[in-house]
Every structure is written in structure tokens, then in C-alpha cells.
J.: 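Following this message is one structure expressed as C-alpha cells.
Below, chain A is the first sequence line, B the second, and so on; all start at residue 1.
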Amino acid sequence: MDNAQVTDTLEEIALLLELSGENPFKALAYTKAARAIDGYDGDLEALVAEKKLGSEFGLGDALQQKVTELVTTGKLAYLDKLRASVPAGLVAMAEIPALGPKKIRTLHDKLGISSVEELEVACRAGKVRELAGFGAKTEEKILDGIARARTYADQFLYSEALALAEELRDALRNHNEVAQIAIAGGLRRGIELVDVIELVASSRNPKELLDDFVTWTDMKSVTSRDDHFATIILKAGISATLRVVADSEYAFALHEFTGSAEHNAALRELAAAQKKELTGHGLFSIKEGAKKSAARESIPCRTEHEIFAALDLQEIPPELREGRGEIEAAAEHKIPRLIEWTQLRGTFHCHTTASDGRNSLLEMATEARDLGLTYLGIADHSRSSVIANGLSEERLADQVEAIRKLNLDLDEFHVFAGSEVDILKDGSLDFGDDVLRHLDYVVASVHNVMGQDEETMTARLIRAMENEYVTMLGHPSGRRLLQREASRVNFDKIIDCAARTGTWIELNCSASRMDMDWRWWREARDRGVKCVINPDAHRISQFAMLRHGVTAARKGWLRREDVMNTLTLDEIRRALA
DNA sequence: GCCGTTTTCGGCCCGACTGTTTTCAGTCG
């Protein structure tokens with residue numbers, strides 16, 4: 001069993017222990033062990049062999065024995081016993097907000113509920129509100145949570161789906177029978193949530209290619225199959241389609257299946273106005289008055305660029321194909337030159353082991369430098385984020401000093417000392433100006449009381465942005481994709497305030513955030529608001545999300561000059577000063 | 001389950017919100 005599987009298993013044990021009413025601190029011990037191993041990227045088997053689990057992770061006898069069993073045999077008798085004693089439905093119920101282990105146990109013990117379905121029936125019948133400690137509001141919250149979980153069920157995060165899609169594409173690309181192949185659909189457009197992986201390929205032998213596709217290693221089942229098309233469901237749960245066309249049709253198919261539907265409809269309409277017909281098979285000119293048999297004449301296009309050119313349009317990058325004015329802009333040759341991943345020079349808002357990060361200051365800085373960045377901003381949590389081990393004023397001062405010292409040893413690379421300071425309930429900040437003024441920059445973010453009404457939350461964010469030491473607003477909506485809805489925020493006012501105060505707005509590209517949403521960025525840009533793309537990295541591997549942050553920025557029509565962390569080290573120094 | 005040791009037990013990281021109560025349990029971050 002690898003590190004990630006051990007981590008997952010320990011977390012499952014912790015949940016099962018809570019659900020079975022065990023001492024919560026026993027469960028906590030498993031959670032802590034999971035967290036410790038989660039942050040370890042070395043070889044667990046070696047640690048087991050050297051009997052160093054205790055010294056490395058602070059595990060006691062019981063946990064050492066269990067982790068050893070997991071790593072060496074891939075199984076754990078203790079877990080099997082636990083699983084058998086707790087109905088599987090209770091684990092699923094723990095996903096519903098407002099339901100913790102205690103309430104789930106009450107529901108199970110008093111109403112005999114052991115599945116989400118039974119819970120829904122009981123809520124609808126008004127049975128749940130009659131239990132002590134429950135009420136009408138809880139019932140409502142549960143139903144709401146169940147409904148939401150259903151809409152999330154077949155959705156996948158962009159970064160996860162893309163990784164699976166790229167693996168599949170790369171495997172098929174090596175096939176002898178493939179001329180061209182690409183990821184299409186929402187993934188190609190960089191949309192934050194997708195429910196399917198769509199691949200388009202060209203080949204003279206579709207059958208062989210599809211044969212390979214439907215027997216892909218990570219495939220769970222085949223949903224459909226014909227001569228040119230197949231759908232499979234991957235082990236990860238997401239479905240994937242492969243459409244194989246002739247090489248002469250490839251560009252048209254790729255465009256068609258990249259979408260969006262709105263973009264395609266608008267483009268077909270434009271083609272019609274030019275007496276042309278655009279389909280997934282080709283572009284045709286329609287000869288007026290000609291006989292029906294000769295009515296259509298094919299306009300061959302090898303690439304999407306040629307399709308757009310044939311329609312007198314500037315090429316539209318896939319990220320912009322959302323039917324939000326891109327065709328009009330392309331007709332006037334006003335599609336901007338979008339930011340590119342290679343233009344990022346640094347990033348802000350990263351964490352270290354000082355708060356809830358998994359890597360040290362030095363490890364984070366080294367990784368950022370190895371990735372080719374020239375500066376890194378460290379912004380650990382402030383004191384109010386107790387669970388995240390937020391820094392006290394004293395610990396922050398120590399960290400600033402450590403960063404200043406580290407910079408003395410770094411050539412051509414600079415670490416900026418900042419703080420991700422909590423925006424408190426009333427919009428005041430977790431540290432006073434006397435603390436903030438000593439930092440290179442400040443990220444201000446909300447981490448609690450996220451359910452305020454729109455007016456209160458908006459005023460709260462505005463008050464924080466008006467502080468002269470706040471450089472940027474962190475993850476403004478607070479959403480966690482597939483987990484938690486965005487807070488109620490009036491972005492129109494937030495963008496106005498950012499423009500007025502010169503506060504940058506973060507495009508937090510942590511996998512489940514992507515916040516501020518791409519749908520707001522074009523408007524923000526037009527009002528002169530600057531973007532900063534931050535991974536909110538809690539470990540070195542999360543720097544990789546920067547690439548996806550750039551994709552989201554491109555979806556928001558952002559150019560290099562709209563994004564602060566494309567500035568060189570000298571330029572960003574001046575900007576921060 | 002872990003830890004310390006003035007302890008072989010009792011505390012463990014904690015403050016605030018929510019919805020339920022009418023003083024607080026459960027959940028959350």
C-alpha cells in the first residue's frame with residue numbers, strides 16, 4: 001500500500017471510530033497519524049523495515065503495528081472488523097453538512113436510519129424534527145445537503161479529470177493507427193467542473209483504436225460502442241468518450257466537440273449569414289440558385305485556425321468559447337493575447353509548516369526556484385485560525401526574520417514575507433496595522449462565519465480591502481467546489497472597491513477553489529482591477545496548480561499585463577513598495 | 001490512541017456559530 005492509500009485508510013478508521021461512538025480522541029489519534037503520513041513523500045516501506053514509524057511520525061505502539069500491517073500486507077484486520085460493525089450508509093451520511101457522528105448515531109439508534117435514502121424519506125415525513133436536538137431547520141439542511149450531494153455526484157474537479165484525460169490521451173497517442181488526437185469538451189475549455197472526458201482522434205483504422213480504448217487499464221465498464229465512437233466509465237468514476245473521424249474531418253470534429261454549445265450555435269449562425277454551413281464534419285459554401293446536388297461545396301480546413309479564418313475570424317482560444325462575446329470580438333480582431341503559463345514569474349499565498357503547510361520554508365522556496373519562479377510569497381495563517389495553527393504575532397515576527405535570513409543565501413530568487421490575515425466577522429483584521437506594516441505584503445481572507453447575508457459579507461470584505469496594508473483579497477467567495485457553496489458576496493461592489501483601493505484580487509487556483517470565478521474576471525479587468533494567481537500551496541506538489549490558475553485566468557480574458565505575478569522580481573518589488 | 005510523569009490516569013488544539021434549547025450539545029473550520 002502506498003502513502004496515499006495508508007492516509008485514506010487511517011482517515012476511514014477515524015470516521016468509523018467516531019460513528020461507532022468511540023472516544024473522539026482515539027479517532028483524533030488516527031486523524032493525526034493520517035496527516036503525518038500524508039505530508040511524507042519518502043518510502044514508507046523503508047521506514048517500516050527500519051522500524052522508524054514511531055520516530056518519524058510520533059506513532060505509538062498500536063498505530064505503528066497497524067501501519068506496518070497495512071504497508072506490508074495491504075490489508076488490516078482491525079479495519080475489516082470496524083467496517084463490519086458500522087453500516088456503510090452511515091459513512092455516506094457523514095458527507096452531509098450539519099450531520100456529525102453524534103447526530104448520525106442518534107438517527108440510527110432512534111429511527112433505525114442506515115442510509116442516505118432512508119434519511120431522506122424520514123426528513124420528508126417530518127420524523128427527524130421530532131428527535132431531541134433536531135428541528136425543522138436541521139431537517140431542511142439535511143434535505144438540502146442530500147440534494148446538493150446528488151448534483152455533485154457525477155461532477156469532477158478540472159484538475160483531477162484533466163490528469164486522467166491526459167494519461168488516456170497519451171496512451172492512445174502512441175497507437176500506430178492514430179494520426180491526431182486531442183482532449184476536447186469542457187476540459188479543453190478549462191471549465192472548473194466536468195462530468196465527462198471527451199477525446200477526438202483521427203485514424204484510418206477506427207476499429208483498432210476503439211478496441212484499445214474499450215480495454216484501457218483504468219476502465220471499469222463499457223457503456224456504448226459503434227464503428228466510430230465509444231463510451232467507457234473509468235475506475236475513478238468519470239466517463240470518457242472517444243470519437244474517431246477521418247483526418248480531413250478532424251479539425252471540424254475537434255471544434256464541434258470542444259463546444260461550448262452556446263459558442264457552436266453562435267458560430268453556425270455566423271456561418272449561415274455568410275452563406276456557409278458549419279458542422280462537425282466540415283464547412284460548406286452554399287451556392288444560391290444552383291441545383292440541389294451541387295448546392296454545397298466543401299471548404300477544406302486542416303486546423304481550427306483555418307476554420308476561423310474561413311469565417312473571417314481571428315482564432316478563438318478554447319478557453320474563450322463560452323458564447324460570451326468571443327465571436328464578436330474575433331470578427332473585429334479584438335481577441336486579446338491571453339496570459340500564458342510560462343509568463344508567471346512568482347506567486348504569493350503559500351503556506352509552510354509554521355501553520356498548516358506540509359513543507360518547510362526552505363523546501364517551499366527551493367521547489368519554487370526549481371520550477372523556474374524567481375520569487376515566492378509566504379503567507380501563513382494568522383492567530384485566529386487556531387485549527388490551522390495560525391501564527392501569533394511573536395511567531396510571525398520569527399518567521400519574518402527567518403525569511404530575511406534565508407534571502408541572504410538566495411541568489412536570483414527572493415522570498416517575500418507576508419501573512420494570510422483573517423478577515424474577522426466585522427471586517428476588521430486579525431493583526432493590527434502595527435504588525436501588518438512590517439510585512440512585505442498582506443493577503444486578507446475569510447475563514448469563518450461564512451454564512452452572512454450578502455450585504456454584511458460584502459461590507460466585511462470591503463472594510464478589509466480598505467485597510468492600507470492589505471495587498472490582495474484572498475479566495476473572495478470562499479467556495480469549495482463539490483463541497484461548499486460560495487458565500488453570498490456582491491462581486492460588483494467588490495470589484496469596484498478593488499479598483500478604487502488598488503487592492504489586487506486573488507485567483508486562488510487551489511484545486512477546489514478557483515476563486516474568484518473566471519466569470520467575473522473580464523469585468524474586473526475592464527475596471528482596472530489587477531489579478532494575482534496563487535496556488536494557496538500547502539505542500540510543494542500544489543505549485544502544479546498554477547498552470548490551471550493560468551487556464552482560469554485565460555477563461556477570464558486576462559492578459560499578461562492584468563496579472564501581477566507576471567512581473568519580474570524588480571517590478572514586483574516596486575509594486576509592493 | 002498517545003502522552004507525561006507532580007499522573008499508570010486524565011487531558012488531548014479551540015473558539016464560535018447554529019439550532020436547539022432556556023443553558024447547551026453538536027458541528028465546523
J.: May I have all residue pairs that pass side-chain hydrogen bond (donor to acceptor under 3.5 Å, both in side chains) and include part of residues 90-103 of chain A, sequence neighbours excluded?
T.: none
J.: Tell me the interatomic distance from A/Met450, atom CE, to B/dG29, atom P, rounded to whole angstroms.
T.: 8 Å
J.: Considering only heavy atoms, which members of residues 91-100 of chain A lie under 4.0 Å from some atom of DNA chain B?
T.: A/Pro97, A/Ala98, A/Leu99, A/Gly100
J.: In whole Å, what separates the P atom of B/dT5 from that of B/dC12?
T.: 15 Å
J.: Who are the side chain to side chain donor-acceptor pair (under 3.5 Å) partners of A/Tyr441, not counting sequence neighbours?
T.: none
J.: Between A/Asp422 and A/Ser384 (side chain of the first, backbone of the second, donor and acceptor by atom type, cut-off under 3.5 Å), is there such a pair?
T.: no
J.: Starting from the 5' end of DNA chain B, give me the residue, A/Asp61 or A/Arg35, whose nearest nucleotide shows up first.
T.: A/Asp61
J.: When all nucleic acid strands are considered with a 4.0 Å heavy-atom cut-off, which category describes A/Gly451: base, sugar-phosphate, or nothing?
T.: nothing
J.: Using the side-chain hydrogen bond (donor to acceptor under 3.5 Å, both in side chains) rule, collect all pairs that involve residues 121-134 of chain A, keeping only residues at least two apart or in two chains.
T.: A/Glu120-A/Arg124, A/Arg129-A/Glu139
J.: Please determine whether a side-chain nitrogen or oxygen atom of A/Thr138 lies at a distance below 4.0 Å from atom OP1 or OP2 of B/dT18.
T.: no
J.: A/Arg105 near the nucleic acid: base, sugar-phosphate alone, or nothing, with a heavy-atom cut-off under 4.0 Å?
T.: nothing
J.: Let's see if you get this right: which residues in residues 4-11 of chain A place a heavy atom under 4.0 Å from DNA chain B?
T.: none
J.: Can you tell me which residue pairs pass the ring-ring contact (aromatic ring centres under 6.0 Å, His included) test with a partner in residues 46-104 of chain A, sequence neighbours excluded?
T.: A/Tyr40-A/Phe57
J.: Output the residues of residues 111-130 of chain A in contact with DNA chain B, where contact means a heavy atom of the residue under 4.0 Å from an atom of the strand; sort by number or write none.
T.: none
J.: Output a table of nitrogen or oxygen pairs between the protein and nucleotides 15-17 of chain B separated by less than 3.5 Å.
T.:
unit_1: B/dC17; atom_1: OP1; unit_2: A/Lys425; atom_2: NZ; d: 3.3

J.: When the distance from CG of A/Leu391 to P of B/dC14 is rounded to whole Å, what number comes out?
T.: 16 Å
J.: When rounded to the nearest Å, what value does the distance between P atoms of B/dG1 and B/dT6 take?
T.: 27 Å
J.: How about A/Asp195 and A/Gln155: does a side-chain donor come under 3.5 Å of a side-chain acceptor?
T.: no
J.: Once you round to the nearest 0.5 Å, how far does CD1 of A/Ile113 lie from CG of A/Leu107?
T.: 5.0 Å
J.: Go ahead and name the base partner of B/dT8; Watson-Crick or wobble counts if both distances stay under 3.5 Å, otherwise write none.
T.: none
J.: Can you tell me how far P in B/dC28 sits from the matching atom in B/dT20, rounded to whole Å?
T.: 14 Å
J.: Among residues 141-150 of chain A, which residues get a heavy atom nearer than 4.0 Å to DNA chain B?
T.: A/Lys141
J.: For atom P, what is the distance between B/dT23 and B/dT8, given to the nearest Å?
T.: 38 Å
J.: Count the heavy atoms belonging to other residues, nucleotides or ligands that lie under 6.0 Å from CD of A/Glu466, then report whether that count exceeds 12.
T.: yes
J.: Using a heavy-atom cut-off of 4.0 Å across all strands, would you classify A/Ile387 as base, sugar-phosphate, or nothing?
T.: base
J.: For B/dA25, does either OP1 or OP2 sit under 4.0 Å from a side-chain N or O belonging to A/Lys103?
T.: no
J.: For A/Glu56, what residues pass the side chain to side chain donor-acceptor pair (under 3.5 Å) criterion, not counting sequence neighbours?
T.: none
J.: Can you run down the ring-ring contact (aromatic ring centres under 6.0 Å, His included) pairs that involve residues 459-487 of chain A, sequence neighbours left out, and say none if there aren't any?
T.: A/His447-A/His475
J.: Is there a residue in residues 22-33 of chain A whose heavy atoms reach under 4.0 Å of DNA chain B, and which residues are they?
T.: A/Asn23, A/Phe25, A/Lys26, A/Leu28, A/Ala29, A/Tyr30, A/Lys32
